[in-house]
Amino acid sequence: MPEGEVVFARPAALEDTPTHYCPGCTHGIIHRLIGEVIDELGIREITVGIAPVGCAVLAYHYFNFDTVEAAHGRAPAVATGIKRVSPENVVFTYQGDGDLAAIGTAEIVHAANRGENITVVFVNNAVFGMTGGQMAPTTLPGQVTTSTPTGRDVKVDGYPVKVAEILAQTTGAAYIARRTVTQPKYVRSCKKAIKTAFKTQLAGLGFALVEVLSTCSTNWGMSPMEALRWLDENMIPYYPLGDYKVIDEVKALP
Amino acid sequence: MPEGEVVFARPAALEDTPTHYCPGCTHGIIHRLIGEVIDELGIREITVGIAPVGCAVLAYHYFNFDTVEAAHGRAPAVATGIKRVSPENVVFTYQGDGDLAAIGTAEIVHAANRGENITVVFVNNAVFGMTGGQMAPTTLPGQVTTSTPTGRDVKVDGYPVKVAEILAQTTGAAYIARRTVTQPKYVRSCKKAIKTAFKTQLAGLGFALVEVLSTCSTNWGMSPMEALRWLDENMIPYYPLGDYKVIDEVKALP
Amino acid sequence: MPTIVIDEDRCKGCQLCTTVCPKDLVTMAENFNAKGYHPAKLEDPEGECTGCTMCALMCPDVAITVYR
Amino acid sequence: MPTIVIDEDRCKGCQLCTTVCPKDLVTMAENFNAKGYHPAKLEDPEGECTGCTMCALMCPDVAITVYR
Amino acid sequence: MAKVLMKGNEAIAEAAIRAGCDGYFGYPITPQTELLEYMSRRMPELGRAFVQGESEIASINMVLGAAAAGKRAMTSSSSPGVSLKQEGISFLAGNELPAVIVNIMRGGPGLGNVQPSQSDYFQATKGGGHGDYFPIVLAPSTVQEAIDFTILAFELADKYRNPAMILGDGSIGQIMEPVELPEVESKPPDKPWAVTGCKGREKNIIRSLYLLAGPLEARNVILQKKYREIEANEQRHAEFMLEGAEMVIVAYGTTGRVAQTAITRARDEGMPVGLFRPITLYPYPKDAISSLVEQARVFLVLEMSAGQMLEDVELAVKGTVPVEFQGWLGGRVPTPSEVTQTIKEIRTKYLK
Amino acid sequence: MAKVLMKGNEAIAEAAIRAGCDGYFGYPITPQTELLEYMSRRMPELGRAFVQGESEIASINMVLGAAAAGKRAMTSSSSPGVSLKQEGISFLAGNELPAVIVNIMRGGPGLGNVQPSQSDYFQATKGGGHGDYFPIVLAPSTVQEAIDFTILAFELADKYRNPAMILGDGSIGQIMEPVELPEVESKPPDKPWAVTGCKGREKNIIRSLYLLAGPLEARNVILQKKYREIEANEQRHAEFMLEGAEMVIVAYGTTGRVAQTAITRARDEGMPVGLFRPITLYPYPKDAISSLVEQARVFLVLEMSAGQMLEDVELAVKGTVPVEFQGWLGGRVPTPSEVTQTIKEIRTKYLK
Amino acid sequence: MFEQIIISGFGGQGALFAGQLLTYAGLEEDREVAWLPSYGPEMRGGTARCTVTVSDEPIGSPITDTPSAVIALNPPSLEMFEPRVLPGGLLIVNSSIAKEEVKRKDIRSLRIPATDMARDEFANERMANMILLGALVSMTRVVTLDSVMTALQKNLPQRRHHLLEPNRIALQKGWDIAQQASKD
Amino acid sequence: MFEQIIISGFGGQGALFAGQLLTYAGLEEDREVAWLPSYGPEMRGGTARCTVTVSDEPIGSPITDTPSAVIALNPPSLEMFEPRVLPGGLLIVNSSIAKEEVKRKDIRSLRIPATDMARDEFANERMANMILLGALVSMTRVVTLDSVMTALQKNLPQRRHHLLEPNRIALQKGWDIAQQASKD
Ligand SMILES: Cc1ncc(C[n+]2csc(CCOP(=O)(O)OP(=O)(O)O)c2C)c(N)n1
Ligand SMILES: Cc1ncc(C[n+]2csc(CCOP(=O)(O)OP(=O)(O)O)c2C)c(N)n1
Ligand code: SF4
Ligand code: SF4
Ligand code: SF4
Ligand code: SF4
Ligand code: SF4
Ligand code: SF4
Ligand SMILES: [Mg+2]
Ligand SMILES: [Mg+2]
């Protein structure tokens, strides 16, 4: 082992278990950021995570704290149930774009609208990863997927859903932001946003969501490096990074 | 029978059947407007209506054209199924706020987002009328209902959902407007909006929705006249009347 | 001469037609109709009705026919 | 002296760590690891690594530990 | 204690509160809505959780969350709404989470009507959701039983870590009857498996996913063992005038009480007829029915359905004695006279 | 015609297309997704409707719309997704709308896994939704049957104005086998009840709401009459080596084909065993089973479940002959050797 | 005894309260009782209705198609329930609003202009239900008037206690009218 | 005959295609065949795997826990399937990547550095699957090499026909190596 101080290592909130994710899948980075934030806030022992149905379905193997697996799309309802009977716990959901923006549309809209005091990490990779790369609500116009073999035709298949923009319209939302993890600077900014989203809950300020643009090199049919670039060049223009709603109390958070 | 020309009478698209609605329920006015618009556009024989689950569940008795009754909240999906296999038909849904904005959230958001070429008449009376006056997603802050006995507490029960505003965010929507029918001038304007919404479909321009603020004197615990006034004074400020999205092609409609 | 006809048995006595008449010609009858409601009635001895349709526009039960 | 340690058997050979190193110290090895991937490796004969954590930030598999 | 008049729906709500229900999550639907309305008033007063979910699906998944957190949780609905909860109920069973679900049945299929019905028996007892599981199902026939069984449902759910269902018909929900409200002693057991934050222990995971066939098989073996245990321990039924009965009427819920009136009249006329009224629909009280085969010369199954529980009776009777059936469809509640009429016909056919 | 290799899921899709499916509406779920993917490619090419719904619930209700419009419509999913469709299926049945639903079953309950399973039998055949209704249920055991039964499902659905279901397991969906693709002759019947615009006729209404008990009862009487007719006309099964079989194995789908291998081996060893393979699970081929009671000294039911079809066999056999059961849980597919082993044990127990 | 009584009118006419009062009165007499309101879509159009069962044996179905007695507070109720009353049963009609004559001859009936009387004598149209209930109790003897009075005392919400006396008088009034009519 | 063969590797190594080819070859010979891919979460981590059944009787279960032969294209596949091969069965390992020795003594096994050979001899690592398949066919005789060649001809997509010849050579190469090994 080298000398010197360890300045970067696995956070305690993350198990030392290899993930089942494909090489280069940025789900892994996002998991790590959550782990780091939970460590830094010292809330590992009071946190309850909700794993989605999607590639992150096994997240409970990787997170080192209590976890519940929700049915596809229902994580916000499960989180609501927990938080309402156990407000002393920190409750967050981790959801993909199929999970959150297709089948789970009603649940996320109403959790936001109720101002449910939970945190949502929303991983937008523009496809249904787990089931093999079908069109997601967030698939880009023209994007080829296994269920849009000639590319998403917005006139027939609908338009990519802008989750952050729509949820920012709900009165109950306290903090809504969009980030990505394709470059170190983005990773840092994403972590900060996730931290703010957890702090929002800790301060009892209501619903917080961070949409994270993520890659799926396997289903995009690219190398992991190409996938990063494709995301930067194609997804960010359509899904601009930034803060979509930050209520004053969140701005004032230390 | 008096002499002179009949300048106002039951439209042919409306059956000569007494409705089951409570005295003064503005569902009746909205039904009539739809009938008038369908008559004026001459589309009675190609129209298929979708009745919701809600007080308007029996709408198929009153409309004089083909109708399907949908499960609670699913009218937009049923309409999608019909329109996709029979694009030559004019397809519209008639839905209450419980139906459309609670259980049917996912269906309406995605129908709008797909730019489904259908018309939606959305009757917002700020309660679940049919089941006896429980809180709807659109219930106003502080409003007493049978499931918010001390008034809707936005911190616990969530905020009133602004459907027109949220759906206007979807790219697929062509025409989104909010109207009411509490005064003759509003009735006229509402009819115009409904007509525009049908014309939008006839021109193949995509999803059109008119939100109509409506009364429920029975469940609001008021006389019909008081209900009209309560709506004007309380609902309109929260749900401003107006056009929320009108794409250029709709503006250009004759 | 413009006037309106109220289908008394269709009327549910909701009064929505009454306040909108610019000439104040529509009021509620004392009697009950077959359904047990006090129906609306036109009182227009002077023939003031202009057939403006205001009252009919507000009727949820399409109980009013307007002639002009 | 700042450096990094790559857990070779944890590495999935995705290359995400390679392009972000300001000193270009991380490359892919020729050999296969136990999983059958070419793992990433640090080539830092001059001790240029600043421990800036850029590489580690990008690693989806937390295969990189940084020392400073 | 003095009796008070209470509506079935409200009585169930009050009973749940007394059983220590920590969270109620529901969505309005006739003829069940008063239960939700009662909860909306009382739960916040007691500092407990009440949420009117955006749908039945959201509600059952909120229940799942609250149950996972180790709390006593409940939802209620009626037929179409309960169909929507089937995925969630399967998840509760797969996750081994205790929770109480109330179905105040109405006429079906489809939108049907809001009149009393018993046509969700199959759905409730055979598992309307996917996979091999059974909710415990209790069928009250009076408002008093609705109270008692609601409390029992919470206890059994906790005991077996399994969802439990109150299966009532619209009449049970809407009727107002004199009842006594008990003080409840039972405390929920410790729930070391609950997700409450991992302070001072290993992390807990609540899940039903087992990727490989082997582990999921193992999991199912555990579940099946539990179901055999429930079947061995928890069969419950009530009897009425069974002594010397050569004709055994099998009926539950409101149909059971209608039958009771008819049987009283029939006995007055000297007909040897009695009532077997299942209380648990799962586990079905098949052992008791099987043993009645000695005495009964004919079984008559009565249901407000086209014949669903009928199959369970036939499975228990195994062809040894004829099983006759009369059903009422579409939300129609039988009258005692109709039942009396049938009793006479069956007697003519078999007991002469 | 030359045989081609086709995957079960894709074969069902192609068969539906040949049967004149006008609209497909679905949502991805393993192990069924290739069906949707195939449709996403082919339907638009043919100018027909393909929509990837936002959920299983939206999809089944889109099917309801397309069926109401008089078109042949279809959806497909797997266990948890099919649980979500139960309300919609009840509505289809209540509305008397023809449509085809495919369930490629996976391990349950809850999220379970994506391995082949048969544990949604109860849900499919007894009505997982609310109210008294039955979908017609067909169980293919090979890819060829998946093709043939899909076509049949469209025809039966139209004939009876009732939803029809293909109930396959993950293995049927995923396996690639040689098949022949038939040209389909059948045309959908006239549908004067469909909502197509009321030009030149009275308006049509598609609904399942009948507010009063009387009319809903009348409606249900019609439905029940139809179900009796289906039960009389449409029971289907296949037989294998039943001649002289004293042990009758009852198994469907993939379990049926595994049993077939085992039976061939057992017969080689001189054991008098044969296979009764139900093709329609509703209507259950109970008449044929009942008549086997003459010949069989024991029945052996095999399922990839804890014992669901078992009840239908017991109901048909009525206690006259012993009924044994072996089940595989959690997505485990039996091997022929396991079945052979069981055959031997049962023989020792009953046929010596 | 096994009586099933339907009380039906518009919302606001007090049909449900009258029914509950009858139910509580039955409870006072230690009988088996059940009260079942109309619910669901039936309620649209401003209808309010309930079925009260009072019996000596445990109550089977609390629902009936053939009530032994009916109070029809408005025209639709008269129209709906006249044909359904058990032969030999009782039909009491609020003739202020429901103007049609009772056509059936195989039942007992009584028409009382209860809304008019309530307006004239109590300056409160809402007292009509009590007048009609008093008459029903008199003509059926399903419970004693005393039990109804006791039930009223116990169950009238505190904030309505100023109405106790008028209610009592109205009940008595109905009773007397029915007594009188039976003598005619 | 009843053979169940698993071919397993990373995505991109051509496990699924090799399996399909074997299946088509079986079809050429009019045998009962079935091909079952791995699917679902199994596929994450870049795994690709299929089970091929070739049989003389109708195929019962197309799934197996105990294959009669396995081609392991990468280390995880070797680790997963070595214990599962039927006693007396066959295990073929791509030793370029999967470096571990085969430990079992009750099965036949063959290690071929197929990725290296493919890179060196065809300048195309993706040819490794064909080498290994050739060896498998040689050692099991589940189908003839001719049938595989015919199936290749018929089923290689048009746009890949330039790869027909190299594929053939690779298959032959594998066959030869196995022949040689069996002589050793
Ligand atoms: C009710 C139900 N429907 C469908 C599925 C199948 N399914 C599993 S994951 C998934 C989509 C996953 O996509 P996403 O949420 O975007 O997550 P990702 O895998 O891309 O991270 C689907 C449709 C399921 N398990 N349950
Ligand atoms: C699945 C399902 N859930 C609930 C219900 C009960 N239900 C009927 S109408 C209704 C709400 C109606 O409210 P809204 O849509 O606002 O219509 P309104 O009656 O106010 O016009 C509900 C919850 C149902 N029929 N089906
Ligand atoms: S399929 Fe896509 S989202 Fe899933 S693990 Fe692989 S790269 Fe990540
Ligand atoms: S309950 Fe309300 S919405 Fe329904 S008919 Fe009456 S007034 Fe109209
Ligand atoms: S038509 Fe106009 S003027 Fe005539 S009665 Fe009506 S509102 Fe009055
Ligand atoms: S608006 Fe119509 S229903 Fe209302 S009082 Fe006037 S005429 Fe009668
Ligand atoms: S820590 Fe920084 S300098 Fe060192 S190897 Fe990593 S990226 Fe390069
Ligand atoms: S980012 Fe991590 S997993 Fe990827 S190559 Fe570098 S060390 Fe390996
Ligand atoms: Mg995704
Ligand atoms: Mg409403």
Side-chain angles (χ1 to χ4, degrees), chain A residues 50-60 67-75 78 96-109 127-139 143-161 163 166 219, chain F residues 7 9-10 13 23-62 75-86 88 104 106-114 170 173-174:
Chain A
I50 324 287
V53 178
C55 275
V57 69
L58 296 176
Y60 49 72
T67 320
V68 183
E69 166 207 276
H72 190 36
R74 317 305 176 192
V78 173
D97 43 355
D99 193 79
L100 181 143
I103 193 170
T105 306
E107 285 75 11
I108 198 67
V109 166
V127 284
F128 285 35
M130 174 65 127
T131 43
Q134 297 76 32
M135 178 184 79
T138 50
T139 293
Q143 189 181 337
V144 171
T145 72
T146 57
S147 62
T148 53
T150 55
R152 182 179 190 153
D153 175 354
V154 293
K155 284 284 167 208
V156 175
D157 306 315
Y159 293 83
V161 173
V163 169
I166 289 180
N219 287 304
Chain F
K7 202 172 189 182
N9 283 328
E10 297 180 343
Y24 173 91
F25 309 89
Y27 188 79
I29 183 168
T30 312
Q32 155 284 154
T33 304
E34 298 83 1
L35 206 171
L36 171 140
E37 291 175 344
Y38 191 95
M39 286 298 201
S40 78
R41 201 160 56 239
R42 291 282 291 141
M43 293 294 271
E45 282 173 15
L46 296 166
R48 307 190 196 171
F50 167 87
V51 180
Q52 181 178 319
E54 59 273 24
S55 70
E56 290 87 355
I57 292 182
S59 302
I60 190 76
N61 286 289
M62 290 176 190
T75 186
S76 61
S77 187
S78 178
S79 309
V82 178
S83 288
L84 290 167
K85 292 183 194 287
Q86 293 305 322
I104 301 298
R106 53 189 256 179
L111 199 49
N113 63 19
V114 299
Q174 291 298 324

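Proteins get letters first, then strands, A, B, ... in listed order; numbering begins at 1 in each. Note that the structure is predicted; figures quoted are calculated from it, not measured.
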Stepwise side-chain contact (heavy atoms from CB on, under 4.5 Å) check, Ile104(F) with Gln174(F): CA-CA 9 Å; Ile104(F) 301 298; Gln174(F) 291 298 324; over 6 Å; no

Trace of the side-chain contact (heavy atoms from CB on, under 4.5 Å) decision for Val57(A) with Met130(A): CA-CA 9 Å; Val57(A) 69; Met130(A) 174 65 127; 3.6 Å; yes

Interface residue of largest heavy-atom contact number with chain F, from Ala136(A), Ser147(A), Pro137(A), under 4.5 Å: Ser147(A)

Chain A contact via Leu84(F) - which portion, at a heavy-atom distance below 4.5 Å: side chain

Residues Glu56(F), Lys85(F): salt bridge by 4.0 Å N-O rule: no

Distance (rounded to the nearest 0.5 Å) between Thr67(A) OG1 and Ile50(A) CD1: 8.5 Å

Main-chain N/O of Ser59(F) paired to Thr75(F) side chain as donor or acceptor, under 3.5 Å: no

Stepwise side-chain contact (heavy atoms from CB on, under 4.5 Å) test for Leu100(A) and Val163(A): CA-CA 9 Å; Leu100(A) 181 143; Val163(A) 169; 3.7 Å; yes

Qualifying residues under side chain to side chain donor-acceptor pair (under 3.5 Å), relative to Ser55(F), sequence neighbours excluded: none

Residues of residues 32-45 of chain F near chain A, each having a heavy atom less than 4.5 Å away: Thr33(F), Leu36(F), Glu37(F), Ser40(F), Arg41(F)

